[in-house]
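Read the numbers this way: they start at 1 and go in the same order the structure lists the ligands and their atoms.
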Amino acid sequence: MINEILKNNKKSWDKVAHHFNGKDALPSYGPFTQTEEELRLFVDLTNKKILDIGCGSGHSLRYMAEKGASELWGVDLSQSQIETARETLKGMNPKLYCAPMEKDINLPKKYFDFVYSIYAIGWTMDLSATFKLIYSYLKPGGTFIFSWDHPLYAHLKCENGRIILEGSYQNEGTVTYDNFKGEDAPMVIPTRKMSTYINELIKADFTIEKVIESDVSESFDSIEVEVSDRYYSLYKARKFPTTMIIKAQKE
Ligand SMILES: C[S@@+](CC[C@H](N)C(=O)[O-])C[C@H]1O[C@@H](n2cnc3c(N)ncnc32)[C@H](O)[C@@H]1O
């Protein structure tokens, strides 16, 4: 079942990848969200070995290189994204793998200073296995940072400026989109509660250092808010966090 979903999601990601070239990439942690320049979660990247889970077009890894990282590794389900990442990271000697984050593909264990994931972790069909793998990749003392849609945000719909709850936050499972990004690209996305992410990190033996429910980046301070019913809007983001960001350590 999981393999079937991953196979179909991979096909669809190859179709929609072009919508995500350079989108959802560091220093951004997510839509309207404070950036790495504001939050400073990575502290020091000089000579650090880095692994990006769901590396997409490679723009976050490029940011890591600009900040002094010495090794750039990335995993992504989509071949098309991996090819774009190779272009983005030309001359930087990246190690890129087209594979599902849920699977052990023999990446080095106890090796990385940082493993991170920007708007990709929620795609995993097996959160428990993914967190355990990430834990195994990190050196003792290493750090895992990820951002994803705030789990409640996905249920908040705006109608004529009023925010209403859609569906049930209680029911975890999957949602199927027949036409992701308006393309003939059916996609299955898991839905989880905030506590599930936190509890799975604890089960994988991580120590949680910080949980951030995003605020709006200061770059939007001078922008006047207009009422909007869009899924991501400044209007909605001023009332509720779009993004959750979690920083956790391997002791
Ligand atoms: C919104 S993009 C992430 C952008 C990326 N973090 C960046 O810095 O540019 C989500 C990515 O997750 C990847 N993805 C989806 N499901 C995945 C899975 N099960 N394993 C690995 N990657 C996956 C997609 O192919 C896509 O590139």
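Side chains of S70 and N47: a donor-acceptor N/O pair is absent below 3.5 angstrom, by distance only. With no hydrogens or angles considered, a side-chain donor-acceptor pair links Y111 and E71 at under 3.5 Å.
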- Decide ring-ring contact (aromatic ring centres under 6.0 Å, His included) for F32 and F220; before the verdict, give the C-alpha distance in whole Å, the side-chain angles of both, and the deciding distance to 0.1 Å. CA-CA 8 Å; F32 303 105; F220 295 94; 5.1 Å; yes
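Listed by first and then second residue, the salt bridge (Lys or Arg N to Asp or Glu O under 4.0 Å) pairs that reach into residues 154-178 are K157-E159, K157-E166, sequence neighbours excluded.
For the side-chain hydrogen bond (donor to acceptor under 3.5 Å, both in side chains) criterion with T243, the lone passing option out of T33, D24, D215, D149 is T33.
Under a cut-off of 6.0 angstrom, the local environment of OH in Y231 is crowded, with over 12 non-hydrogen atoms contributed by other residues, nucleotides or ligands.
Around ligand 1 you find L6, W13, F20, K23, D24, A25, G54, C55, G56, S57, S60, D76, L77, S78, Q81, A99, P100, M101, E102, I118, Y119, A120, W123, each with a heavy-atom distance below 4.0 Å.
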